[in-house]
Amino acid sequence: MPWFVVDDNAHSHPKMIAAGNAALGLWLRAGAYAAQHLTDGIVPGVIAKMYGSKPQIAKLLAAGLWHEHGHTCPHPKCRQPQPGDYYIHDYLAPYNPSRAEVVRKRERAAEKKRRQRGVQDPLPDRGGFDDDPRENRGGYDDDPPTNHAPDDEESAGHGAASSGDSRGTHAPANPSPPLPSHQGGAESAPPAGSRRGREPLSLIPADWQPSDDDVAAAQLARSDTGREQLTPQQLAAVTRKFVQRMLDDQVRAVAWGGRWQQWAENERPAAPAGADVIPFDRRTPPADLFGAALQRAQTRMTQEGGSR
């Protein structure tokens with residue numbers, strides 16, 4: 001699938017600042033949707049409401065990043081959406097390819113691949129992977145990405161044709177994003193001809209331990225979700241359970257940091273000794289559960305008071 005292009009100066013563009021971060025999240029998700037589904041910049045109303053809120057949509061319209069039906073944007077590429085739908089301002093070339101361009105390039109790439117394999121590789125690739133996992137991600141041919149430098153210094157979604165724009169905000173660049181790393185973060189693309197897609201999988205070592213980066217990432221994720229930090233003893237217990245589970249299930253992988261981070265993020269430490277644990281039963285009303293807990297607490301306080 002093609003990429004959704006975002007100018008590298010978008011962070012300081014007047015339209016982006018006017019829209020605000022929350023509305024920009026909607027703008028980005030809708031742009032990715034349009035690129036994936038080849039809508040030529042049209043955002044269906046149902047998608048807009050699913051991904052965002054009415055205030056966010058209103059901010060994008062007010063900033064000129066989106067257009068609704070009946071808009072008067074003078075830009076020739078800004079189509080009229082159907083009532084209830086929206087159009088991403090200045091979406092199409094030279095920034096994002098049209099549906100027809102993507103389909104045509106995919107057909108060319110598929111035909112080229114068939115010819116190459118028919119001559120050079122008569123046997124199918126039993127590994128199920130190409131030599132380069134990043135090869136032909138968008139279904140395009142082998143030509144490098146087109147980085148057009150527009151004459152009017154526009155950029156997709158915040159061009160110079162509507163109010164609020166300023167000159168000099170476009171930097172012509174369209175690099176492929178980095179590949180996700182097994183250990184978190186990102187890494188550069190593998191060299192041409194690498195066999196990364198076929199790295200051997202192996203069982204987890206019985207003495208496997210998470211890296212400091214794995215621990216830090218898991219603790220940060222717990223903090224972001226409002227969960228308490230794990231103590232060193234709890235981290236060790238999580239690791240033991242994780243390794244044992246991977247061995248029991250005979251799971252094979254190239255790396256284990258990402259899986260362990262998910263385990264540690266979702267770990268629920270055992271309640272401390274003496275804590276009042278409320279059993280969960282879907283058939284019991286919540287009021288009864290809390291009432292029972294309150295009764296136990298009162299009984300315990302009475303017993304403690306009588307023993308003094």
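Residue numbers start at 1 and run along the sequence shown. Any value given below was found using the heavy atoms of this structure, including those in side chains, with hydrogens, waters and symmetry copies removed.
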Inset, instruction - Measure the spacing between CH2 of W256 and OG of S202 and express it to the nearest 0.5 Å. - result: 6.5 Å

Legend entry - Rounded distance [0.5 Å steps], NE2 in H11 versus CD1 in I17: 9.0 Å

Inset, instruction - Could you tell me whether a side-chain N or O of H69 sits under 3.5 Å from a main-chain N or O of Q82, the two making a donor and an acceptor? - result: no

Legend entry - T72 backbone acceptor or donor facing H67 side chain under 3.5 Å: no

Legend entry - Note, L65 side chain near L24 side chain (heavy atom, < 4.5 Å): yes

Legend entry - Exercise: identify the closest heavy-atom pair between P81 and R79: CD-O, 3.4 Å

Legend entry - Taking every non-hydrogen atom, the tightest pair across K77 and L92: NZ-O, 3.5 Å

Legend entry - Polar side chain donor-acceptor pair, N266 to Q262, under 3.5 angstrom: no

Legend entry - Spatial distance of atom CD (Q261) from atom CG (D213) [nearest 0.5 Å]: 8.5 Å

Inset, instruction - Indicate, with yes or no, if L26 and M50 share a hydrophobic cluster defined by side-chain heavy-atom contacts under 4.5 Å among Ile, Leu, Val, Met, Phe, Trp and Tyr. - result: yes

Legend entry - Atom pair NZ/CG of K15 and L60 - distance to nearest 0.5 Å: 11.0 Å

Legend entry - Close side-chain approach of K113 to R117, heavy-atom, < 4.5 Å: yes

Legend entry - Flag side-chain contact, heavy atom, 4.5 Å: V43 against Y33: no

Inset, instruction - Could you tell me whether the side chain of D249 and the main chain of V251 form a donor-acceptor pair under 3.5 Å? - result: no

Legend entry - Distance in Å, K49 NZ paired with I57 CD1, rounded so as to fall on 0.5 Å steps: 7.0 Å

Inset, instruction - Work out which heavy atom in R222 is nearest to a heavy atom in E267; give both atom names and the distance. - result: NH1-O, 2.8 Å

Legend entry - Side-chain touch V243/M246, heavy atoms, less than 4.5 angstrom: no

Inset, instruction - Give the ring-plane orientation class for F242 versus W208, where under 30° counts as parallel, over 60° as perpendicular and anything between as tilted. - result: tilted

Inset, instruction - Output yes when a side-chain donor or acceptor of D248 lies under 3.5 Å from a complementary backbone atom of R245, and no otherwise. - result: no

Inset, instruction - Verify whether the ring centers belonging to W27 and Y86 lie closer than 6.0 Å. - result: no

Legend entry - Heavy-atom closest contact (D40 atom, Y87 atom, distance): O-CE1, 3.1 Å

Inset, instruction - For Q219 and Q229, indicate whether the former's side chain and the latter's backbone hold a donor-acceptor pair under 3.5 Å. - result: no

Inset, instruction - Any chance you could lay out the side-chain contact (heavy atoms from CB on, under 4.5 Å) test for Y51 and L28, step after step, and finish with the verdict? - result: CA-CA 10 Å; Y51 289 170; L28 179 60; over 6 Å; no

Legend entry - Rounded distance (nearest 0.5 Å) linking atom CE of M16 with atom CG of D7: 8.0 Å

Inset, instruction - Give the intermediate values and the outcome of salt bridge (Lys or Arg N to Asp or Glu O under 4.0 Å) for residues E111 and R114. - result: CA-CA 5 Å; E111 178 60 27; R114 284 193 292 269; 2.7 Å; yes

Inset, instruction - State, yes or no, whether a side-chain contact exists between L247 and I204 at a heavy-atom distance under 4.5 Å. - result: yes

Inset, instruction - Ignoring hydrogens and angles, tell me if any N or O in the side chain of N96 forms a donor-acceptor pair with the backbone of Y91 under 3.5 Å. - result: yes

Legend entry - Taking every non-hydrogen atom, the tightest pair across P200 and V254: O-CG2, 4.0 Å

Inset, instruction - Considering non-hydrogen atoms only, spot the tightest contact between A30 and W66 and give its length. - result: CB-CZ2, 3.4 Å

